[in-house]
Amino acid sequence: EITERDWSSDVCSSDLLTGVGLIAGYALLGATWLNLKTQGELQARARRFARLAGIGTLVGVGVVSVWTPFLNEVYHQRWFTWPTANFTALVPGLVAACALLLFLGLQDDRPLQSFLAALGIFVVSFIGVGISFYPWIVPPTLTIREAAAPDSSLAFLLVGAVVLVPIILAYTAHAYWVFRGKVDAKTGYH
């Protein structure tokens, strides 16, 4: 069981590191998006910036990942004991694979690959956070079950999601279709 005293020991330092890593990560996403959507000098600058932001993001992910198991004994056990260690062991490998794809995509001028790899780094990192904190949603005070709404509210939300999610996906697909391809300063999208 996580106690308040155990939780607060190194939270400020890890929060600061997480924030810096997150800023680098968002810069990476923006740079890879620009690399995907532009051409010429702007694309070359975005590619250079994506390399720097990628290194910063991976350093941030690495430092926070090394630090996390030592914040609390519960995290340490979850990361290094059976059976959850099996899931945790996948995370660094997947981050490394995404990093390799990111830098190869930047080097070989494959902007879609580098953008998707940057997204992959985020997805895998969030999975790692989920593995570390589960079942806590607000460590150390609130579990996922305690934070869940009543079943009737969840059923209402499910019906709404079944109706709205396809509409949102269709609209998003349409927007991506309209704005597909590279931006051309002379002609725009149309």
>> For F70 together with Y75, are the ring centres under 6.0 Å from each other?
In response: no
> In chain order, what residues pass the side-chain contact (heavy atoms from CB on, under 4.5 Å) check against L42, with sequence neighbours excluded?
Replying inline: T38
>> Tell me whether F156 at atom CZ has more than 12 heavy atoms from other residues, nucleotides or ligands lying less than 6.0 Å away.
In response: no
> Can you name the side-chain contact (heavy atoms from CB on, under 4.5 Å) partners of P83, sequence neighbours left out?
Replying inline: none
> Can you name the nearest heavy-atom pair linking K37 to G181, along with the distance?
Replying inline: NZ-O, 2.7 Å
>> Starting from I144, can I reach L154 by hopping between I/L/V/M/F/W/Y residues whose side chains sit under 4.5 Å apart?
In response: no
> Under a single-linkage definition using a 4.5 Å side-chain heavy-atom cutoff for Ile, Leu, Val, Met, Phe, Trp and Tyr, are V159 and I167 assigned to the same hydrophobic cluster?
Replying inline: no
Output a table of donor-acceptor pairs, distance under 3.5 Å, between side-chain atoms of residues 51-61 and any protein atom two or more places apart or on a different chain; print 'none' if there are none.
residue : atom : partner : partner atom : Å
R51     : NH2  : L106    : O            : 3.3
T57     : OG1  : A24     : O            : 3.1
T57     : OG1  : G25     : N            : 3.1
T57     : OG1  : A53     : O            : 2.7

>> Would you say L94 ends up clustered with F87 if hydrophobic residues are merged whenever their side chains have heavy atoms under 4.5 Å apart, either directly or through other cluster members?
In response: yes
> CG/L142 to CH2/W136 distance, rounded to the nearest 0.5 angstrom?
Replying inline: 8.5 Å
>> Under the rule for ring-ring contact (aromatic ring centres under 6.0 Å, His included), what residues qualify as partners of F115, not counting sequence neighbours?
In response: W33
>> Test: salt bridge (Lys or Arg N to Asp or Glu O under 4.0 Å). Region: residues 106-123. Which pairs qualify, not counting sequence neighbours?
In response: R47-D109, D108-R110
>> Is there a path of hydrophobic side-chain contacts, each under 4.5 Å between heavy atoms of I/L/V/M/F/W/Y residues, joining L101 to L112?
In response: no
> Who pairs with D151 by salt bridge (Lys or Arg N to Asp or Glu O under 4.0 Å), at least two apart in sequence or on another chain?
Replying inline: none
> With sequence neighbours left out, which residue pairs that include part of residues 154-178 fulfil the salt bridge (Lys or Arg N to Asp or Glu O under 4.0 Å) condition?
Replying inline: none
> Taking atom OG1 of T172 and atom CH2 of W177, what is their separation to the nearest 0.5 Å?
Replying inline: 16.0 Å
>> Applying salt bridge (Lys or Arg N to Asp or Glu O under 4.0 Å) as the test, list every pair that has at least one member in residues 130-147; sequence neighbours left out.
In response: none
>> Walk me through whether T143 and I137 qualify under side-chain contact (heavy atoms from CB on, under 4.5 Å).
In response: CA-CA 5 Å; T143 66; I137 195 76; over 6 Å; no
>> If you compare all heavy atoms of S114 against all heavy atoms of P111, which two are closest, and at what distance to 0.1 Å?
In response: OG-O, 2.9 Å
>> Tell me which one of L104, L102, L36, T32 satisfies side chain to side chain contact (heavy atoms under 4.5 Å, CB included) with Q113.
In response: L104
For residues 120-130, please give each side-chain donor-acceptor pair under 3.5 Å, one per line with the distance, not counting sequence neighbours.
residue : atom : partner : partner atom : Å
S125    : OG   : I121    : O            : 2.8

> Partners of R48 by salt bridge (Lys or Arg N to Asp or Glu O under 4.0 Å), sequence neighbours excluded?
Replying inline: E41
>> Give me each pair satisfying salt bridge (Lys or Arg N to Asp or Glu O under 4.0 Å) with a member in residues 56-81, each pair once, sequence neighbours excluded.
In response: none
> Where is the tightest heavy-atom contact between A117 and C98, given as atom of each residue plus distance?
Replying inline: CB-O, 3.3 Å
> By side-chain hydrogen bond (donor to acceptor under 3.5 Å, both in side chains), which residues pair with S132, not counting sequence neighbours?
Replying inline: W79
>> Any heavy-atom pair between the side chains of F49 and R45 that's under 4.5 Å?
In response: no
>> Would you compute the distance between atom CG of L34 and atom CG of L29 and round it to the nearest 0.5 angstrom?
In response: 11.5 Å
>> Same cluster or not: V20 versus L28, using hydrophobic residues (I, L, V, M, F, W, Y) connected whenever any side-chain heavy atoms lie under 4.5 Å apart?
In response: no
